[in-house]
Amino acid sequence: MSQKTGIQKEVTLTHLNTLRLHSVAPVFINITSESQLRDLDKNGFFNDQLPFVLGGGSNILLSDRLSVPVLKMSISGVEIIEDDDKSVLIKAGAGENWHELVAYAVKKGLGGIENLALIPGTVGAAPIQNIGAYGVEIENLFSSLEVYDLKSKTFRSFNTEECKFGYRDSIFKRELKGQMVVTSVTLRLTKVNHVIHDSYFALKEYLNQYKIQNPGIEDIYHAVIAIRQSKLPDPAEIGNAGSFFKNPVIEKKQYDELRSQWEKIPGYPDGTGWVKVPAAWLIEKAGWKGLRLGNVGTYESQALVIVNHGGATGKEVLDFSKKIQQAVSELFGIDLIPEVNIIQ
Ligand code: EPU
């Protein structure tokens, strides 16, 4: 490793991606401060090519050998930067672990983040894909984020509107893809009068089962953890990247047509003529739930999660995902779009 720049060569990324794919980064730098980014830029490091920014590696599919340098974001620190009677602004470094931030907030009695417990990954990656679970998305508690802009070579800040959040989407996945390195994220959390989001079906079911009436933020936090642990595979035990595809959003007309053939097809209308259909249901009905081909398969209790049973390559996972796309397209005429980022 070069002492001055922190540049490492030929680094294996197997333990830095939750699908546990073997992959090599020809150039790798662990980023622990904002100034390190600026110094690298001053030295011309970003002149030839934009790097790949790696967070917790929980939403990526890596090829055997990457063609671009990797920046591993390890900027740490959690700080309450504003505190009034009702709420706080909490700022966290991009390299902080997301779930640890959730656990810290809940322990302090801060609300708004509890539905997002146990989502793997880092704080910096969370807004990029507008992480969401059990009726809450990060945009609901988001205040701002800071980035190093590789094009203008300056530090900038983005508010909620500027992030252009959508379903598992933001401006950082579209217009500004690859150009911004998130260094910190600031969230607004409530101290009192917490808004409880308990209407998601699985959550309601859990709270009913344990006879929890008027749940508080801690109840929701524990319920979400229990539900996730029962349905989703733990990346520490079996390689996976959570939901592999987005839930498709189709026109109501197409949904009604499908419904005449598939009476039980679930659908969540968004009120503007579009209906979100669970990709997991489509995959299951196409016969791919729990199926395994070689080292790759879908998880037995959640068809939307592709798992690495051990030793799979990125190409094997990609080929497997394409077979699922084909099966769902043939049966339902719906194209599934990967939620996971495919990195070459
Ligand atoms: N379902 C099936 N078969 C299955 C699993 C689910 O038919 O194997 C059907 C059921 O009808 C169920 C519905 O799909 O009611 C929805 O399933 P679930 O509640 O498990 O949620 P999901 O839509 O599959 C989304 C997110 C998850 C998030 C959960 C809970 C996406 C792409 N995924 O999954 O996020 O945890 O809701 O809010 O939106 C992730 O993004 O990596 C992720 C895990």
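For ligands, and for the atoms within them, numbers begin at 1 and follow the listed sequence. Reckoned from all heavy atoms, side chains included, excluding hydrogens, waters and symmetry mates.
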message: Do Val147 and Val123 land in one hydrophobic cluster if side-chain heavy atoms of ILVMFWY residues count as linked below 4.5 Å?
response: yes
task: Test side-chain contact (heavy atoms from CB on, under 4.5 Å) on Lys204 and Leu207 and set out the steps.
output: CA-CA 5 Å; Lys204 259 203 156 103; Leu207 296 168; 5.9 Å; no
- request: Report the nearest protein non-hydrogen atom to atom 25 (C) of ligand 1: residue, atom name, distance rounded to 0.1 Å.
  value: Asn247 ND2, 4.1 Å
- prompt: Cluster question for you: counting only ILVMFWY and a side-chain heavy-atom cut-off of under 4.5 Å, with indirect links fine, are Phe158 and Leu141 together?
  reply: yes
message: Is there a side-chain contact between Leu61 and Ile343 in this structure, where contact means two heavy atoms from C-beta onward sitting under 4.5 Å apart?
response: no
- prompt: Do any nitrogen or oxygen atoms of Lys231 lie less than 3.5 angstrom from nitrogen or oxygen atoms of ligand 1?
  reply: no
query: Arg168 heavy atoms, cut-off 4.0 Å: which ligand 1 atoms fall inside?
result: 26 (C), 27 (C), 31 (C), 33 (N), 35 (O), 39 (O), 40 (C), 41 (O), 43 (C)
task: Describe, in one word, how the ring planes of Trp262 and Phe332 are oriented to each other, choosing from parallel (under 30°), tilted (30 to 60°) and perpendicular (over 60°).
output: tilted
Proximal atoms of ligand 1 relative to Pro278 (non-hydrogen, under 4.0 Å): 13 (C), 14 (O)
message: Does the plane of the ring in His99 sit parallel, tilted or perpendicular to the ring in Tyr221? Use 30° and 60° as the thresholds.
response: parallel
- request: Please check if a non-hydrogen protein atom sits closer than 4.0 Å to atom 10 (C) of ligand 1.
  value: no
- request: Note the single closest protein heavy atom to atom 41 (O) of ligand 1, along with its residue, its atom name and the distance in Å.
  value: Glu339 OE1, 2.8 Å
query: Is atom 5 (C) of ligand 1 close to the protein, meaning a heavy atom under 4.0 Å from it?
result: yes
message: Suppose I only count heavy atoms of Tyr167 and a 4.0 Å limit; which atoms of ligand 1 are within that range?
response: 31 (C), 32 (C), 39 (O)
query: Is the backbone N or O of His197 less than 3.5 Å from a side-chain atom of Asn115, with the two atoms forming a donor-acceptor pair by type?
result: yes
- prompt: What atoms of ligand 1 come within less than 4.0 Å of a heavy atom belonging to Gly242?
  reply: 42 (O)
query: Within a strict 4.5 Å, meaning less than it, do heavy atoms of the Lys42 and Arg38 side chains meet?
result: yes
message: So, regarding Lys246 and ligand 1 (criterion: nitrogen or oxygen to nitrogen or oxygen, under 3.5 Å), is there a contact or not?
response: no
- request: To the nearest 0.5 Å, tell me how far Leu89 CG sits from Ile80 CD1.
  value: 9.5 Å
- prompt: Any idea which protein heavy atom is nearest atom 36 (O) of ligand 1, and the distance to it?
  reply: Arg228 NH1, 3.4 Å
statement: Quick note, salt bridge (charged side-chain N to carboxylate O under 4.0 Å, His left out) partners involving residues 330-344, not counting sequence neighbours, are Arg168-Glu339
query: Of the choices Trp281, Tyr268, Tyr200, which has the non-hydrogen atom that lies closest to atom 15 (O) of ligand 1?
result: Tyr268
query: Side chain, backbone, both or neither: which part of Phe201 has a heavy atom under 4.0 Å from ligand 1?
result: neither
- prompt: Touching ligand 1 at all, Lys285? Heavy atoms, strictly under 4.0 Å?
  reply: no
message: What protein heavy atom lies closest to atom 24 (O) of ligand 1? Include the residue and the distance to one decimal.
response: Gln302 NE2, 2.8 Å
- request: Please identify which atoms of ligand 1 are closer than 4.0 Å to at least one heavy atom of Phe245.
  value: 32 (C)
task: Check whether any side-chain heavy atom of Leu304 lies under 4.5 Å from a side-chain heavy atom of Ile283, and answer yes or no.
output: yes
- prompt: Name the one of Thr32, Asn30, Thr122 that satisfies side chain to side chain donor-acceptor pair (under 3.5 Å) with Ser74?
  reply: Asn30
query: Would Gln129 count as a contact of ligand 1 if the rule is a heavy atom under 4.0 Å away?
result: no
- prompt: Taking heavy atoms and a distance under 4.0 Å, where does Glu284 meet ligand 1: side chain, backbone, both or neither?
  reply: side chain
Best match, Pro266, Ala133, Ser243, Gly132: closest heavy atom to atom 34 (O) of ligand 1: Ser243
query: Does Asp84 CG have over 12 foreign heavy atoms under 6.0 Å away?
result: yes
- prompt: What is the nearest protein non-hydrogen atom to atom 38 (O) of ligand 1, stated with its residue, atom name and distance?
  reply: Tyr134 N, 2.6 Å
message: For atom 1 (N) of ligand 1, what's the nearest protein heavy-atom neighbour? Residue, atom name and distance, please.
response: Ala280 CB, 3.7 Å
